[in-house]
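First the structure, in the form of structure tokens, and then the observations on it.
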Amino acid sequence: EGRGSSAGPCQPRRGGAIVTDGATPGAASTEAAGRADYAKSVVGELGQVDRAVYGAIADTPTPLLDEPMRRLSNAANFSKLWFGIGAGVALVGGRRGRRAAVTGLVSIGVTSAVVNQGVKRMANRKRPDRTGEDVPEERYVHMPKSTSFPSGHSASAFAFANSVGALVPALSVPLHFLAGAVAYSRVHTGVHYPGDVIIGALIGSAIGDLVVSGEAWWMRRRKRSHA
């Protein structure tokens, strides 16, 4: 009686594995490999676009922008620009300004740790060859020894802009404009690819938002404890 019975839609296989009708381990492996190859191809094409945009910026003569971009990029080294703005906001902005300044600087600290100690080490992308790409020497700033992806300058800039802008809305637009200019300056001076600064901006924005949310939660908890 057992010889003529069917095992149903799922067939037991040797070793205890069960495979549904129409699927085999070989087919699943092939499908996974195909997806991996597709993802690798997409990343490769995005890298080509990234390098092409970098090369186009390098090849475009911009004598009026070169010096301002170089100065702006240097001003943002070690977040000096943002520390200065934070001090000004704290000085003239009253209690809200001091709160915004502290939140902005905390956002920079968290972002720097995540980017420099985490993402950069995992990505391990080499810096652009600005000599090979003929970036004009008038644009040159110090080429960092750290890896390229993502841009720490861009991440810190947008972390500060998002967090301070959330607490002082009147500063949101000018701070984001300045953050975008800092991010672009890193490509203009040849030390980053466009993709580095875009991803850096996204990471910094996300961390800035998280720090603001965390600060708001802590303030609510503090108020309840004193109620």
Side-chain angles (χ1 to χ4, degrees), residues 65 68-123 141-142 144 146-189 191-226:
L65 284 178
M69 288 294 102
R70 190 179 68 81
R71 288 179 177 272
L72 181 60
S73 182
N74 283 331
N77 288 345
F78 306 107
S79 297
K80 292 181 293 185
L81 175 64
W82 310 114
F83 276 94
I85 293 174
V89 171
L91 188 63
V92 303
R95 178 178 294 181
R96 173 175 287 190
R98 291 190 293 273
R99 177 185 170 192
V102 171
T103 304
L105 297 181
V106 169
S107 295
I108 289 176
V110 174
T111 300
S112 296
V114 170
V115 169
N116 294 320
Q117 302 304 320
V119 185
K120 277 182 177 286
R121 293 188 178 187
M122 290 187 293
V141 296
H142 172 70
S146 61
T147 53
S148 189
F149 181 88
S151 166
H153 280 63
S154 177
S156 293
F158 278 89
F160 184 86
N162 263 37
S163 54
V164 174
L167 297 175
V168 186
L171 295 178
S172 182
V173 171
L175 284 178
H176 279 89
F177 179 83
L178 185 58
V182 167
Y184 171 75
S185 76
R186 302 302 284 172
V187 181
H188 193 88
T189 55
V191 297
H192 276 294
Y193 293 105
D196 300 338
V197 301
I198 291 172
I199 299 302
L202 293 175
I203 292 173
S205 296
I207 292 176
D209 289 343
L210 286 174
V211 170
V212 169
S213 297
E215 190 266 353
W217 172 84
W218 182 81
M219 290 293 290
R220 290 193 300 270
R221 182 179 181 184
R222 184 181 179 187
K223 287 181 178 179
R224 284 198 299 267
S225 67
H226 286 80

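As the structure is a prediction and not an experimental result, all values here were calculated from the model. Just the heavy atoms: all of them, side chains too, but no hydrogens, waters or symmetry mates, feed the values below.
In this structure, the separation between NZ on K80 and CG on N74 is 7.0 Å, given to the nearest 0.5 Å. Here R99 contributes atom CZ and M219 contributes atom CE; the two are 5.0 Å apart, rounded to the nearest 0.5 Å. Distance check, rounded to the nearest 0.5 Å: CG of L167 to CD of E215 gives 6.0 Å. The distance from the CZ atom of F158 to the CD1 atom of I108 is 13.0 Å, given to the nearest 0.5 Å. Separation of atoms CG (L72) and CG (N77) is listed at 10.0 Å; rounding is to 0.5 Å. The CG atom of L171 lies 11.5 Å from the CG atom of L178; values are rounded to the nearest 0.5 Å.
The closest side-chain heavy-atom distance from I85 to L175 is below 4.5 Å. With a 4.5 Å cut-off on side-chain heavy atoms, D196 and R186 do not count as touching. When side chains are defined from C-beta on, V197 does not count as touching Y184, because their heavy atoms never get closer than 4.5 Å. Between V182 and F160 the shortest side-chain heavy-atom distance does not fall below 4.5 Å. Within the 4.5 Å cutoff, the side chain of I199 has heavy atoms near those of the L202 side chain. Looking at V191 and P144, their side chains come closer than 4.5 Å, going by heavy atoms from C-beta outward. Side-chain contact between W217 and R220: present, with at least one pair of heavy atoms (C-beta onward) separated by less than 4.5 Å.
Of all heavy-atom pairs spanning L81 and A76, the tightest one is CB-CA, 4.1 Å. Taking each heavy atom of S163 and G104 in turn, the nearest pair found is OG-CA, 3.2 Å. For the pair K120 and P150, the tightest heavy-atom approach, listed with the atom from each and the gap, is NZ-O, 2.9 Å. Here the closest heavy-atom approach between residue S185 and residue M69 is recorded as CB-O, 3.6 Å. When every heavy atom of G200 is checked against every heavy atom of S154, the shortest pair comes out as C-OG, 3.9 Å. Residue S73 comes nearest to T189 through the heavy atom pair OG-OG1, 4.0 Å, listed as atom of the first residue, atom of the second, then distance.
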- [ ] Show the numbers, then the answer: is there a side chain to side chain contact (heavy atoms under 4.5 Å, CB included) between T111 and V211?
- [x] CA-CA 10 Å; T111 300; V211 170; over 6 Å; no
Task: Intermediate values then yes/no, side chain to side chain contact (heavy atoms under 4.5 Å, CB included), V106 and T103 - done: CA-CA 5 Å; V106 169; T103 304; 5.7 Å; no
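Counting only distance, with no hydrogens or angles, the side chain of H192 and the backbone of S148 share a donor-acceptor pair below 3.5 Å.
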